[in-house]
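For the single chain, residues carry numbers from 1 onward in sequence order. Worth saying up front: this structure is predicted, and the values here are computed from it rather than measured.
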Amino acid sequence: MQFLQILSRKPGKLEMLFQIPFCQKQFPYTCLATSACIYSKKKKANGYEQVDQEKYKNLVYSVTSYKSSAQTPETLFEEDNLLYGPPDKHRPPVKAGTKTPKNWVPLINPDKRIPPLNSDSNLPRKIALQKTKMPSVTHILQQTLSPQQVFYLERWKEKMIAELGKDGFAKYTKNLFLQGELFHSALESIFLSEEMAIKEKSKDGVISGYLSSVEHVLEDISEVKALESAVHHETLQYLGLVDCVAKYRGQLCVIDWKTSEKPKPFLKNTYDNPLQVAAYIGAINHDANYDFQVRCGLIVVAYKNGSPAHSHFMDPDLCLQYWNKWLLRLEEYMDRN
């Protein structure tokens with residue numbers, strides 16, 4: 001600053017200074033700074049204060065109210081995919097829809113003749129399951145699970161054992177199977193109009209919630225044709241045990257009753273159950289013990305707390321899609337064995 005003041009006292013000196021070309025070597029490059037930096041500490045903004053609390057209150061509640069004891073393979077699958085994405089060790093399998101079954105068999109049997117109705121047609125079929133060398137639908141699906149499904153099932157099992165212990169986990173799974181059996185038995189009594197049995201079972205607190213859950217679905221079911229009845233596919237050589245064959249809103253369906261601790265509002269939430277239903281439909285249509293054919297399916301998921309069950313209807317086109325996927329799983333099983 002003093003340098004500028006001296007120059008300003010001598011006329012022409014300041015003008016001469018700025019007229020000197022900057023390219024001349026004898027004049028060094030000079031940088032003059034006339035501004036000063038002022039440092040001040042700003043308060044760091046808190047990002048959480050800008051979050052819409054009202055918008056995300058349901059998410060906060062679901063996280064803070066979550067109980068680890070209610071975890072299932074499905075919840076672990078969703079949780080890990082959300083946080084980490086699919087595990088590198090187990091790449092997602094190729095979708096079944098991109099392949100074509102080598103040994104394609106039609107879902108509807110073109111050679112099956114449907115006899116006229118007789119006096120016994122109102123009685124539901126109940127054929128006992130015989131022990132044979134043929135694999136069951138359940139066994140085939142279990143043996144052909146994708147690596148991803150196996151990973152999460154094993155992870156869920158290990159987590160439950162760590163929480164409950166081996167004996168506690170064994171008791172837990174045994175109770176689940178027992179509840180399923182009691183629920184199916186109660187439904188069978190309802191369809192057979194066994195009033196005394198219904199009253200006794202409805203008193204059982206274990207399944208009373210399940211029965212309340214499916215009340216609205218039972219109103220749409222009529223003309224029961226089979227209950228807990230064995231079926232086998234004469235061409236493809238597999239067997240299974242069908243829960244129910246009846247009309248649902250006028251459409252003859254294979255009905256599969258499921259129980260769940262977690263809501264399953266969409267068909268995709270039922271995982272391999274649609275393949276199971278399609279396999280049963282194909283077996284009935286190719287089984288000489290049944291004088292009818294089925295084109296539709298229904299999966300009903302009942303809840304222990306009595307909340308309304310979710311019913312997933314499978315029309316003929318959807319059944320055919322899952323039938324093709326089932327044939328691929330069956331081929332995979334046959335190739336392995």
Notebook entry, point to check: Do the non-hydrogen side-chain atoms of V150 and E154 ever get within less than 4.5 Å of each other?
Noted result: yes

Notebook entry, point to check: Can you check whether E181's main-chain N or O pairs, donor with acceptor, with S185's side chain at less than 3.5 Å?
Noted result: no

Notebook entry, point to check: With side chains defined as the heavy atoms from C-beta onward, is the minimum distance between L187 and F191 less than 4.5 Å?
Noted result: yes

Next item on the list: Would you check if the side chain of E188 reaches a backbone N or O of L227 as a donor-acceptor pair within less than 3.5 Å?
Entry: no

Next item on the list: Return the set of residues passing side-chain contact (heavy atoms from CB on, under 4.5 Å) with A246 (not counting sequence neighbours), or none when no residue passes.
Entry: I221, V224, C244, I255

Item checked: Heavy-atom pair with the smallest gap, counting every atom of V245 and V254 -> CG2-CG2, 4.2 Å

Note to self: Tell me every residue that passes side-chain contact (heavy atoms from CB on, under 4.5 Å) with E223, counting only those two or more places apart in sequence or in another chain.
What the structure shows: K247

Note to self: When you measure from the side chain of H232 to the backbone of E234, do you find a donor-acceptor pair of N or O atoms at a distance under 3.5 Å?
What the structure shows: no

Item checked: Criterion ring-ring contact (aromatic ring centres under 6.0 Å, His included) on F266 and H312, from CA distance to verdict -> CA-CA 7 Å; F266 304 106; H312 305 291; 7.9 Å; no

Next item on the list: Without swapping roles, check the side chain of R295 against the backbone of P316 for a donor-acceptor pair under 3.5 Å.
Entry: no

Checklist line | Non-hydrogen side-chain atoms of P124 and L192 separated by less than 4.5 Å | finding: yes

Next item on the list: Check the pair K112, Q293 against side chain to side chain contact (heavy atoms under 4.5 Å, CB included), reporting the backbone distance first and the verdict last.
Entry: CA-CA 8 Å; K112 193 171 190 177; Q293 296 210 68; 3.8 Å; yes

Checklist line | Side-chain touch Y248/S222, heavy atoms, less than 4.5 angstrom | finding: no

Check: Roughly how far apart are K325 NZ and D272 CG, rounded to 0.5 Å?
Finding: 10.0 Å

Notebook entry, point to check: Would you say the side chain of L218 lies within less than 4.5 Å of the side chain of I190, judging by non-hydrogen atoms?
Noted result: yes

Checklist line | Pairwise distance OG(S311) to CH2(W257) - rounded to 0.5 angstrom | finding: 9.0 Å

Check: Given I114 and D291, is the side chain to side chain contact (heavy atoms under 4.5 Å, CB included) satisfied, shown in steps?
Finding: CA-CA 6 Å; I114 308 300; D291 55 0; 5.6 Å; no

Check: Which pairs, with at least one residue in residues 296-305 and sequence neighbours excluded, count as a side-chain hydrogen bond (donor to acceptor under 3.5 Å, both in side chains)?
Finding: Y303-H310, N305-S307

Next item on the list: Tell me yes or no: between the side chains of Q276 and K258, is some donor less than 3.5 Å from an acceptor?
Entry: yes

Item checked: Between CZ on residue F183 and CG on residue D243, distance to nearest 0.5 Å -> 9.0 Å

Next item on the list: Spell out, as yes or no, whether a donor-acceptor pair under 3.5 Å connects the side chain of H233 to the backbone of I284.
Entry: no

Next item on the list: Can you see which heavy atom on V300 is nearest to which on A309, and at what distance?
Entry: CG1-CB, 4.0 Å

Next item on the list: Find the distance between CD1 (I127) and CG (N289) and round it off to the nearest 0.5 Å.
Entry: 4.0 Å

Margin query: Using only atom types and a distance under 3.5 Å, with no angle test, would you say the side chain of D220 pairs donor to acceptor with the backbone of R249?
Written below: no

Notebook entry, point to check: In the hydrophobic clustering (ILVMFWY, side-chain contacts below 4.5 Å, transitive), which residues join M134, or is it alone?
Noted result: L129, L239, L241

Notebook entry, point to check: Does atom CG of D335 have more than 12 heavy-atom neighbours from other groups under 6.0 Å away?
Noted result: yes

Notebook entry, point to check: Any side-chain heavy atom of R329 sitting closer than 4.5 Å to one from L145?
Noted result: yes

Next item on the list: Could you go through the side chain to side chain contact (heavy atoms under 4.5 Å, CB included) check for M314 and I299 one step at a time?
Entry: CA-CA 8 Å; M314 299 168 58; I299 299 174; 4.2 Å; yes

Check: Going by heavy atoms in the side chains, are L275 and V137 under 4.5 Å from each other?
Finding: no

Notebook entry, point to check: Okay, side chain of H139, backbone of P135: is any donor-acceptor separation there less than 3.5 Å?
Noted result: no

Next item on the list: Establish, from distance only, whether the side-chain atoms of Y290 and S229 form a donor-acceptor pair under 3.5 Å.
Entry: yes

Notebook entry, point to check: Does the Q149 side chain pair with the main chain of S146, one donor and one acceptor, at a distance under 3.5 Å?
Noted result: yes

Notebook entry, point to check: For the side chain of S260 and the backbone of P263, is there at least one donor-acceptor N/O pair under 3.5 Å apart?
Noted result: no

Margin query: Both conditions, 6.0 Å and 45 degrees, for the charged tip of K166 above the ring of F169: are they met here?
Written below: no

Item checked: Set of salt bridge (Lys or Arg N to Asp or Glu O under 4.0 Å) partners for R336, sequence neighbours left out -> E332

Note to self: Quick one, L267 with L318, criterion side chain to side chain contact (heavy atoms under 4.5 Å, CB included). Give me CA distance, side-chain angles, the key distance, then yes/no.
What the structure shows: CA-CA 11 Å; L267 185 63; L318 194 57; 3.6 Å; yes

Check: Is there a donor-acceptor contact under 3.5 Å from the side chain of T144 to the main chain of I140?
Finding: yes

Checklist line | Separation between OG1 of T259 and CD1 of I207, rounded to the nearest 0.5 Å | finding: 11.0 Å

Checklist line | Results of salt bridge (Lys or Arg N to Asp or Glu O under 4.0 Å) for E228 - residues two or more places apart only | finding: none

Note to self: If I take atom CG from residue N273 and atom NZ from residue K264, how far apart are they, to the nearest 0.5 angstrom?
What the structure shows: 6.5 Å

Check: Any side-chain heavy atom of L182 within less than 4.5 Å of one from F177?
Finding: no

Item checked: Salt-bridge present (R125, D287; N to O < 4.0 Å) -> no

Item checked: ring-ring contact (aromatic ring centres under 6.0 Å, His included) between W326 and Y238, worked out -> CA-CA 12 Å; W326 158 251; Y238 67 83; 5.1 Å; yes

Note to self: More than 12 heavy atoms of other residues, nucleotides or ligands under 6.0 Å from NZ of K126: yes or no?
What the structure shows: yes

